[in-house]
Amino acid sequence: MTELLPFGYRSGRPAVRPLRHHEFNLAKSSWRNECWGTVGSVAMSQSGSQAAAFFRDVRQSKVVWLVRDDEGSPTHLSADGTRSLPFWSTSPRAQRAAKIWGHGLRVESMPLDTWCDRVLPDAARDGLVIGINWSGPRLVGWSFTPKEVLNRLTAAN
C-alpha cells in the first residue's frame, strides 16, 4: 500500500503524516528478489550498488531528491508493516521514479543538511524507514532506518 505524506512543519521541522491512499506500481523492498552483479571482484545486488551510489552522490552534491505532488510524497507500506519514504541521489533517478509512479508527481531537491537535520529525525519519530535510490521498473531497493542513514553519511566523511 502506498500513500502520500506531506512535508509540513511541526515545531520548525518537516512533519510526516499519512494523508491519503494511492495505488502506485511499487514493489516491496526485498533482499531476495534482486538482480545480482559484480563490482570489482565482489558480488553486489543491484539495490546494493544503488545504495552505495546514493551515499557517494549525496556526499558530493550535498543534495537529496524526492518525488511529490501538492499533497505530499509517496510512501510504501511493506507486508511487515514497515513504511518506507524514498529519496534519490540525483534528479534523473528521481525523475524515473516519478514517471513510473505517474499520478502527477514531480521531482524536488532538498539540501542534505536540511534532510539530515529535519526530515530524518521526523521520520525516525514517526517510525518510517528511508528508501534509498529505488530503481527498476518496479522501483525496488534497500531501506534504512534514519539512524543507519546518518551513520553511513557520517562514517564516510
Side-chain angles (χ1 to χ4, degrees), residues 1-8 14 16-40 42-80 82-116 118-120 122-124 126 128-146 148-150 152-153 156:
M1 173 187 304
T2 302
E3 63 185 1
L4 294 181
L5 297 182
F7 281 95
V16 184
R17 295 186 285 305
L19 185 64
R20 60 185 168 111
H21 294 282
H22 285 277
E23 293 299 322
F24 290 105
N25 180 20
L26 178 63
K28 81 172 191 174
S29 300
S30 170
W31 288 74
R32 295 186 182 89
N33 296 328
E34 307 293 343
C35 299
W36 292 84
T38 55
V39 175
V42 179
M44 181 181 283
S45 74
Q46 179 66 30
S47 294
S49 64
Q50 291 292 332
F54 178 88
F55 292 107
R56 180 191 65 238
D57 293 346
V58 300
R59 276 192 305 274
Q60 291 174 356
S61 70
K62 306 290 189 219
V63 173
V64 296
W65 295 85
L66 59 131
V67 298
R68 61 170 296 141
D69 66 11
D70 291 339
E71 298 188 44
S73 294
T75 64
H76 180 297
L77 182 62
S78 68
D80 69 0
T82 304
R83 184 165 303 283
S84 297
L85 180 61
F87 292 89
W88 291 266
S89 61
T90 65
S91 177
R93 292 176 194 274
Q95 288 171 1
R96 281 190 293 274
K99 184 177 179 182
I100 289 169
W101 275 329
H103 298 281
L105 293 171
R106 65 182 178 275
V107 173
E108 292 185 2
S109 65
M110 178 182 296
L112 180 60
D113 59 346
T114 300
W115 189 64
C116 290
R118 295 181 178 180
V119 175
L120 294 179
D122 274 358
D126 294 339
L128 299 170
V129 295
I130 305 301
I132 300 296
N133 272 358
W134 289 357
S135 63
R138 295 174 47 110
L139 292 175
V140 296
W142 287 357
S143 292
F144 298 94
T145 67
E148 290 169 330
V149 171
L150 288 171
R152 286 174 180 262
L153 287 170

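Among residues two or more places apart in sequence or in another chain, the side chain to side chain contact (heavy atoms under 4.5 Å, CB included) test is passed with S109 by V63, W65. Applying the ring pair (Phe, Tyr, Trp, His ring centres under 6.0 Å) rule to W115 yields the partners F54, F87; only residues at least two apart in sequence or on another chain are considered. For S61, there are no side chain to side chain donor-acceptor pair (under 3.5 Å) partners, not counting sequence neighbours. In terms of the side chain to side chain contact (heavy atoms under 4.5 Å, CB included) criterion, residue partners of D113 (sequence neighbours excluded) are, by chain and number, P111, D117. Residues satisfying the salt bridge (charged side-chain N to carboxylate O under 4.0 Å, His left out) criterion with R56, sequence neighbours excluded, are absent altogether.
In this structure, R106 and R68 have side chains that are in contact, with non-hydrogen atoms separated by less than 4.5 Å. S143 places a side-chain heavy atom less than 4.5 Å from the side chain of W134.
Pairs engaging residues 89-102 under the salt bridge (Lys or Arg N to Asp or Glu O under 4.0 Å) rule: D57-R93 [sequence neighbours left out].
Tested against C116, the residues L153, V64, V149 include a single side-chain contact (heavy atoms from CB on, under 4.5 Å) partner, L153. Exactly one of T90, V67, L66 qualifies for a side-chain contact (heavy atoms from CB on, under 4.5 Å) with V107. That residue is V67.
The line from CG of L128 to OG1 of T145 is 11.5 Å long, rounded to the nearest 0.5 Å.
Closest of all the heavy-atom pairs between R152 and R59 is O-NH1, 4.0 Å. G136 and I100 make their closest contact through O-CD1, 3.3 Å (heavy atoms, listed as atom of the first residue, atom of the second, distance). The shortest non-hydrogen separation linking P74 to L105 is CG-CD1, 4.0 Å. Among all heavy-atom pairs drawn from W101 and P86, the shortest one is CH2-CG, 3.6 Å.
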